[in-house]
Number of protein chains: 4
Amino acid sequence: MVQQKQQTPGRPRSEASHQAILQATIDVLKQQGYRATTIEAIAAEAGVGKKTIYRWWSSKAEVALEALTAHSNTHVPFLDTGSLQSDLLSYFERSFESLRGESGMLLRGIVAEALLDPAFAATFQRVFIVPRRASLVELLQRAQARGELTAETNIEVLADMIFGAKWYRFLLYPAPLDTTFAQEIVALVSCHRA
Amino acid sequence: MVQQKQQTPGRPRSEASHQAILQATIDVLKQQGYRATTIEAIAAEAGVGKKTIYRWWSSKAEVALEALTAHSNTHVPFLDTGSLQSDLLSYFERSFESLRGESGMLLRGIVAEALLDPAFAATFQRVFIVPRRASLVELLQRAQARGELTAETNIEVLADMIFGAKWYRFLLYPAPLDTTFAQEIVALVSCHRA
Amino acid sequence: MVQQKQQTPGRPRSEASHQAILQATIDVLKQQGYRATTIEAIAAEAGVGKKTIYRWWSSKAEVALEALTAHSNTHVPFLDTGSLQSDLLSYFERSFESLRGESGMLLRGIVAEALLDPAFAATFQRVFIVPRRASLVELLQRAQARGELTAETNIEVLADMIFGAKWYRFLLYPAPLDTTFAQEIVALVSCHRA
Amino acid sequence: MVQQKQQTPGRPRSEASHQAILQATIDVLKQQGYRATTIEAIAAEAGVGKKTIYRWWSSKAEVALEALTAHSNTHVPFLDTGSLQSDLLSYFERSFESLRGESGMLLRGIVAEALLDPAFAATFQRVFIVPRRASLVELLQRAQARGELTAETNIEVLADMIFGAKWYRFLLYPAPLDTTFAQEIVALVSCHRA
DNA sequence: TCTTAATCGAGACGGTACGTCTGGTCTTAGA
DNA sequence: TCTAAGACCAGACGTACCGTCTCGATTAAGA
């Protein structure tokens with residue numbers, strides 16, 4: 001077994017700095033909010049030169065995105081519990097809880113950046129939006145395979161409506177993301193039962 | 001009937017400057033995009049002092065919001081065509097067309113600001129989000145009254161899902177907002193038919 | 001004898017506003033210092049429109065100059081006491097006292113303006129510098145006529161040196177303007193005695 | 001002997017920018033005059049960020065003062081020529097010539113600032129006024145030691161009168177600073193001969 | 001009494017410069 | 001070559017005043 005230690009010349013990247021930057025990003029975001037957070041503040045908080053950040057990320061949004069995804073509780077798993085209703089309720093329960101916390105604030109900032117910067121939008125969609133939507137589509141396909149949804153049900157668009165409802169409330173409409181809402185969505189989806 | 005001509009002392013606000021600022025905002029946004037647009041550029045384009053902008057608006061976002069809502073074709077009417085399907089299709093047709101144009105770019109910028117600034121978010125929801133959602137709910141209630149939707153259908157949450165699907169694609173998921181999508185949404189909504 | 005009441009049509013100048021402006025100028029100068037004093041602040045303090053100030057004066061310096069000269073104790077008289085020594089001592093005593101007070105601060109500001117603005121410098125010299133110098137020259141000529149100064153003494157340049165010493169300390173060199181200084185100048189001037 | 005190379009971390013100050021700023025200051029002052037000169041114009045002329053100026057100087061006056069003193073021909077030397085008369089004449093000759101040029105305009109602006117800003121006045125007196133006065137006092141003391149001035153002559157106040165005459169004409173009284181004036185002052189000083 | 005004309009307080013206007021802030025790059029010495 | 005530090009150029013930020021303008025209201029003298 002060959003040692004695969006990708007050996008470039010020069011001093012290797014400092015993993016300590018890498019982690020310090022991510023942690024500092026979280027800390028500063030918590031204290032200042034997304035907009036007020038600056039690369040300078042992150043560098044100062046991490047005890048790191050600004051150049052060290054710019055060497056590895058191209059913008060505040062990129063750092064924030066990595067900080068968000070590195071956060072353990074961020075990726076809400078889509079569990080296979082055996083029924084469409086419990087699959088969705090289980091997912092919403094975890095997702096809503098995460099969005100109500102500081103991950104929510106961070107995510108709102110990241111979405112804002114994606115809306116303002118097409119290049120970052122592409123990254124964000126690739127690493128965040130598309131995989132999660134794929135998982136939801138998969139969940140719905142399992143349900144369809146089990147006969148819980150009619151064969152004619154347009155899974156793709158149903159996924160847009162389910163995620164849409166969540167994001168609409170999260171980003172735009174000032175209404176709570178709670179268990180009641182989750183149950184109401186599931187109830188509406190149930191009309192597509194075979 | 002008494003003449004209600006609200007008379008404050010001092011030179012009155014210049015309507016010419018007011019309009020010049022809104023038009024300049026549209027022009028600069030078109031040329032530079034939302035993020036690169038600055039108050040300075042708007043002032044220069046409008047031939048107006050920066051103070052005149054700050055006197056009447058508190059941020060770029062506020063100006064952009066007024067410029068957007070002053071744009072005639074912005075407010076997409078919810079027509080009463082007599083059937084749920086055609087009401088929705090008619091609405092989507094006009095809405096999608098507007099979002100595909102420069103209003104879409106402007107609106108993405110405004111949403112980004114709302115995500116970054118809670119104070120502006122409140123304004124945006126009040127003047128933009130809430131009225132439009134109310135119109136959709138009204139449309140659905142008409143349909144329910146006509147017997148096109150079952151009495152048990154949760155209109156509020158259905159509205160969140162319908163608008164959610166639109167906004168999800170507009171803001172987050174890179175898929176087209178076209179007639180096909182409109183028809184697919186309408187088809188899914190139809191499962192709630194009485 | 002014709003009534004010379006220069007009668008122009010239209011509303012005549014308000015003497016109340018005139019005085020209010022001069023008094024407000026003094027008040028604001030005292031509180032804020034010369035540099036921080038603005039036409040806007042004077043107008044606000046006087047309860048007067050800015051236009052009313054600009055109608056009658058062309059700059060802050062002009063207003064300040066009138067406020068200074070309107071101040072009663074400003075113009076220090078050159079008394080004829082019968083001897084050169086007591087003439088000079090008497091003058092210095094009054095002059096130094098005035099300069100040590102708020103007139104000094106005001107005068108420093110006015111001199112600064114004169115240094116920065118040639119047009120105002122001309123006005124300042126005409127109404128302030130030249131008349132005072134003429135009075136000193138006259139004082140010295142009386143002394144020469146009385147035989148207290150030799151006939152060859154260059155009165156003009158001696159005046160420059162006497163006033164120069166005063167202004168040098170007042171404007172540039174941080175040393176006190178007091179009785180001792182006055183006596184020392186007089187002592188040096190005495191070497192020109194016949 | 002220890003190498004005293006004061007080593008701070010980080011990028012060192014750019015001497016090129018430092019010099020460019022001083023030169024640009026001179027250039028802009030020449031073209032625009034003191035009052036119309038702005039930090040923005042200096043920064044633009046020097047091809048430098050405004051922050052770089054504010055990092056090292058606290059105001060336009062500070063930059064102008066350094067630009068003036070960096071100007072080689074500014075500091076007029078007090079030569080020891082062996083006689084009071086020629087010492088003074090030699091000094092005045094050089095001093096007057098300098099004041100008639102653009103150094104004079106610059107100096108007038110700096111004095112104006114000193115009159116308006118007590119903090120800057122202290123700096124200006126320390127680096128400019130006091131050393132020059134000390135040199136003049138020294139010159140007069142040499143003359144006194146040589147017996148050219150009586151022992152009772154108050155050197156300090158005589159210095160105030162000599163410099164006073166020069167500054168009075170330079171700042172306040174519109175009369176030329178020329179060789180005649182220099183000779184006239186020297187003639188008056190001569191009355192203190194032993 | 002009505003007209004004319006210049007004044008008044010108020011405050012919005014187009015501008016300019018301020019001093020601060022942030023972004024992203026560069027330049028040191030040292031690891 | 002990477003690191004921390006921090007100076008660099010660039011330029012937008014929001015503020016403060018400038019001196020001008022535009023209101024309605026006021027105040028005289030002459031019609």
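All heavy atoms count here, side chains included; hydrogens, waters and symmetry mates do not. For clarity, every value in this text was computed on a predicted model and none was experimentally measured. In the text below, chain A, chain B and the rest are named by the order of the sequence lines, each starting its count at 1.
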Interatomic distance where [atom1] belongs to [X] and [atom2] belongs to [N] [whole Å]:
| X | N | atom1 | atom2 | value |
| --- | --- | --- | --- | --- |
| A:Arg55 | E:dT25 | CZ | P | 12 Å |
| C:Glu15 | E:dT7 | CD | P | 14 Å |
| B:Ile21 | E:dA12 | CD1 | C1' | 11 Å |
| A:Ile42 | E:dG24 | CD1 | C1' | 14 Å |
| A:Trp56 | F:dT3 | CH2 | C1' | 11 Å |
| B:Glu45 | E:dG14 | CD | P | 14 Å |
| A:Ile53 | E:dT25 | CD1 | P | 13 Å |

Shortest non-hydrogen separation from C:Ala46 to C:Ala20 and the atoms involved: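 C:Ala46 and C:Ala20 have their closest heavy atoms at CB-O, 3.6 Å.
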
Sub-3.5 Å donor-acceptor pair from the side chain of A:Lys60 to the main-chain atoms of A:Thr37, do we have one?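 Present.
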
So, A:Gln125 side chain and B:Leu172 main chain: donor-acceptor pair closer than 3.5 Å or not?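 Present.
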
Looking only at side-chain N and O atoms, does B:Gln23 offer a donor or acceptor that is under 3.5 Å from a partner on B:His18?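 Side chains of B:His18 and B:Gln23: no pair found under 3.5 Å.
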
Whether [X] contacts [N] is assessed here as follows: a side-chain N or O lying under 4.0 Å from the phosphate OP1 or OP2. Is that the case?
| X | N | value |
| --- | --- | --- |
| B:Thr8 | E:dA10 | no |
| C:Ser17 | E:dT7 | no |
| B:Thr52 | E:dG14 | yes |
| C:Arg13 | E:dC8 | no |

Summary of salt bridge (Lys or Arg N to Asp or Glu O under 4.0 Å) pairs that have at least one residue in residues 9-19 of chain D, sequence neighbours excluded: none

Report which part of the nucleic acid C:Trp57 touches: base, sugar-phosphate, or nothing (heavy-atom distance under 4.0 Å, all strands). nothing

Going from CD1 on B:Ile53 to CZ on B:Arg55, what distance comes out if it is rounded to the nearest 0.5 angstrom? 11.0 Å

B:Ala46 vs C:Gly49, nearer the 5' end of DNA chain E by closest nucleotide: C:Gly49

Letter per nucleotide, 5' to 3', of nucleotides 13-20 of chain F [B base touched, S only sugar-phosphate touched, - untouched; heavy atoms, 4.0 Å]: BBB-SBBB

Quick one, C:Glu113 and C:Tyr34 - any side-chain contact, counting heavy atoms below 4.5 Å?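 Side-chain contact under 4.5 Å: yes.
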
